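Treat the numbers as computed from the prediction; the structure is a model and nothing was measured.
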Amino acid sequence: MNEPHVPLPARPAATVMLVRDAPGGLNIFLMRRHSAMEFAPGVIVFPGGGVDDRDRNADIAWAGPPPDWWAQRFGIETDLAIALVCSAARETFEESGVLFAGPADQDGTGPDSIVGDASVYRESRHALADRTLSFADFLRREKLVLRSDLLRPWANWVTPEAERTRRYDTYFFVAALPEGQRADGENTESDLSGWALPQDAIADFEAGRNVLLPPTWTQLDSLAGRSVAEVLAVERQIVPIQPLLEKRGDNWVFEFFDSDRYHRAREAGGSMKWPL
């Protein structure tokens with residue numbers, strides 16, 4: 001007799017959609033997960049990852065909306081809000097080289113108090129990635145403050161309970177690329193990165209040229225046709241979304257609020273089975 005399936009716990013995670021205005025419209029920074037990755041190889045993603053234990057209750061220098069503002073917007077406890085914002089900034093820096101921080105001795109949160117060239121912290125970036133340095137210690141050592149005002153809350157997706165490998169409770173942020181900084185995608189988890197129009201990434205999925213999981217496809221769809229200013233001005237109602245993952249024949253199929261459109265796009269691009 002088969003044992004009933006007990007869902008894995010969903011680990012808190014943060015992911016950041018980096019955007020910039022460009023000819024043709026808003027561009028978004030995308031990465032393709034390396035084919036050797038154990039989880040979701042070859043999938044197009046945004047910078048992000050799981051919350052590190054050291055992101056929790058971190059004594060972190062902070063400028064911008066306080067933790068309780070983030071907690072209220074996401075509908076979570078304040079300690080988790082701190083961890084998620086810290087994780088969002090840390091993971092973005094580790095995976096793309098973009099740093100949401102500014103000099104601690106600057107007064108205010110204007111453009112002059114944002115790091116203009118994050119490449120000078122390359123060694124620290126590597127130390128953060130291999131977990132020999134915490135984000136709070138990095139900011140303290142370099143006399144920087146986290147700029148939470150550069151981020152905006154956007155969405156919350158939870159991995160389906162049927163997933164047997166690993167599950168995440170992922171909070172999506174959106175942020176404009178700070179002036180003077182560049183996103184490079186130099187990390188061990190991706191083999192390709194670059195800027196694209198959201199609608200082009202969606203078109204590539206429909207043509208079978210890339211792989212988009214439902215959360216990524218949905219966020220790209222929500223950004224298509226907007227400008228950076230329009231995106232940053234949006235006040236989103238953050239509601240947790242947890243798709244169903246159902247077995248149909250030999251394949252697993254996602255079901256969520258816009259799954260009909262998603263599956264039409266997936267089928268147009270050819271068969272895509274799950275798990276990957």
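- When hydrophobic clusters are built by joining Ile, Leu, Val, Met, Phe, Trp and Tyr residues whose side-chain heavy atoms come closer than 4.5 Å, directly or via intermediates, Ile241 is not grouped with Leu244.
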Problem - Derivation and outcome, side-chain contact (heavy atoms from CB on, under 4.5 Å), residues Met31 and Leu192 - result: CA-CA 6 Å; Met31 306 185 304; Leu192 185 68; over 6 Å; no
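- Atom-to-atom distance recorded for Leu30:CG and Arg32:CZ is 12.0 Å, nearest 0.5 angstrom.
- At distances below 3.5 Å, not a single donor-acceptor pair connects side-chain atoms of Thr216 with backbone N or O atoms of Leu212.
- Listed for the Asp21 side chain is no donor-acceptor partner under 3.5 Å among the backbone atoms of Leu26.
- Of the inter-residue distances, the one linking Leu146 atom CG with Leu151 atom CG reads 7.0 Å to the nearest 0.5 angstrom.
- Counted by atom type alone, Trp154 and Ser222 present one or more donor-acceptor pairs between their side chains at under 3.5 Å.
- At a threshold of 4.5 Å between non-hydrogen side-chain atoms, the residues Ser124 and Leu133 count as touching.
- Val16 and Leu177 fall within a single hydrophobic cluster, where Ile, Leu, Val, Met, Phe, Trp and Tyr side chains are chained together by heavy-atom contacts under 4.5 Å.
- In this structure, the side chain of Thr15 engages the main chain of Pro47 through a donor-acceptor pair within 3.5 Å.
- Among all heavy-atom pairs drawn from Glu230 and Arg226, the shortest one is OE1-CA, 3.2 Å.
- The line from CG of Asp200 to CH2 of Trp195 is 14.5 Å long, rounded to the nearest 0.5 Å.
- Inspection of the Thr159 and Glu163 side chains reveals no N or O donor paired with an N or O acceptor under 3.5 Å.
- A donor-acceptor pair is defined here as one N or O able to donate and one able to accept, closer than 3.5 Å; such a pair exists between the side chain of Arg11 and the backbone of Val51.
- A side-chain donor from one of Ser134 and Asp137 sits under 3.5 Å from a side-chain acceptor of the other.
- Sparse packing is recorded around CD of Glu77, with 12 or fewer heavy atoms of other residues, nucleotides or ligands lying under 6.0 Å away.
- The ring-ring contact (aromatic ring centres under 6.0 Å, His included) test applied to Phe74 returns Tyr171, Phe173, not counting sequence neighbours.
- Taken from CG in Leu144 to CG in Leu99, the straight-line distance is 6.5 Å, to the nearest 0.5 Å.
- Of all non-hydrogen atoms in Leu139 and Ala61, the two that sit nearest each other are CD1-O, 4.2 Å.
- Two residues are said to be in side-chain contact when any heavy atoms from C-beta on lie closer than 4.5 Å; Asp221 and Tyr262 fail this criterion.
- Counting all heavy atoms, side chain and backbone alike, Leu18 lies closest to Ala183 at CD1-CB, 4.3 Å.
- Side-chain contact between Glu255 and His263 is present, with heavy atoms from C-beta onward closer than 4.5 Å.
- Contact check for Phe172 versus Pro153: no side-chain heavy atoms found under the 4.5 Å cut-off.
- Between Arg182 and Asp117 there is no salt bridge, since no side-chain nitrogen of the basic residue lies less than 4.0 Å from a carboxylate oxygen of the acidic one.
- Tyr121 contributes atom OH, which lies 12.5 Å from atom CG of Leu128 (distance to the nearest 0.5 angstrom).
- In this structure, the side chain of Arg167 engages the main chain of Leu8 through a donor-acceptor pair within 3.5 Å.
- Ion pairing between Arg125 and Glu95 fails under the 4.0 Å rule for side-chain N and carboxylate O.
- Residues Leu213 and Val158 do not share a hydrophobic cluster, defined by chaining ILVMFWY side chains whose heavy atoms lie under 4.5 Å apart.
- A distance-only check finds no donor-acceptor pair linking the side chain of Gln219 to the backbone of Met17 [under 3.5 Å].
- Remark: Arg56 does not engage Asp79 in a salt bridge, criterion side-chain N to carboxylate O under 4.0 Å.
- Aromatic pair Phe138/Phe93: ring centres closer than 6.0 Å.
- Under a hydrophobic clustering in which Ile, Leu, Val, Met, Phe, Trp and Tyr are joined whenever their side-chain heavy atoms come within less than 4.5 Å, directly or via other members, Phe135 and Leu80 fall into the same cluster.
- You'll find the side chain of Tyr168 stays beyond 4.5 Å of the side chain of Trp157, heavy atoms only.
- For the 3.5 Å distance criterion, the side chains of Asn156 and Asp169 qualify, holding a donor opposite an acceptor.
- Not a single donor-acceptor pair under 3.5 Å links the side chain of Thr170 to the backbone N or O of Ala14.
- A salt bridge does not link Glu179 with Arg20: every distance from a Lys NZ or Arg NE/NH1/NH2 to an Asp or Glu carboxylate oxygen is 4.0 Å or more.
- The side-chain heavy atoms of Arg266 and Phe205, taken from C-beta on, include a pair separated by under 4.5 Å.
- Between the CZ atom of Arg236 and the CZ atom of Arg73 there is a distance of 10.5 Å, given to the nearest 0.5 Å.
- When the side chains of ILVMFWY residues are joined at heavy-atom separations under 4.5 Å, either directly or via intervening members, Trp217 and Ile28 end up in a single hydrophobic cluster.
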Handout entry: Step-by-step side-chain hydrogen bond (donor to acceptor under 3.5 Å, both in side chains) determination, Ser87 to Glu91
Key = CA-CA 6 Å; Ser87 178; Glu91 287 281 350; 4.9 Å; no
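- Using a 4.5 Å heavy-atom cutoff, the side chains of Ile114 and Arg147 are in contact.
- A donor-acceptor distance shorter than 3.5 angstrom exists from the side chain of Asp55 to the backbone of Asp52, with no hydrogens or angles considered.
- The closest donor-acceptor contact from the side chain of Asn187 to the backbone of Ser190 lies under 3.5 Å.
- The shortest side-chain heavy-atom distance between Arg122 and Glu186 falls under the 4.5 Å cut-off.
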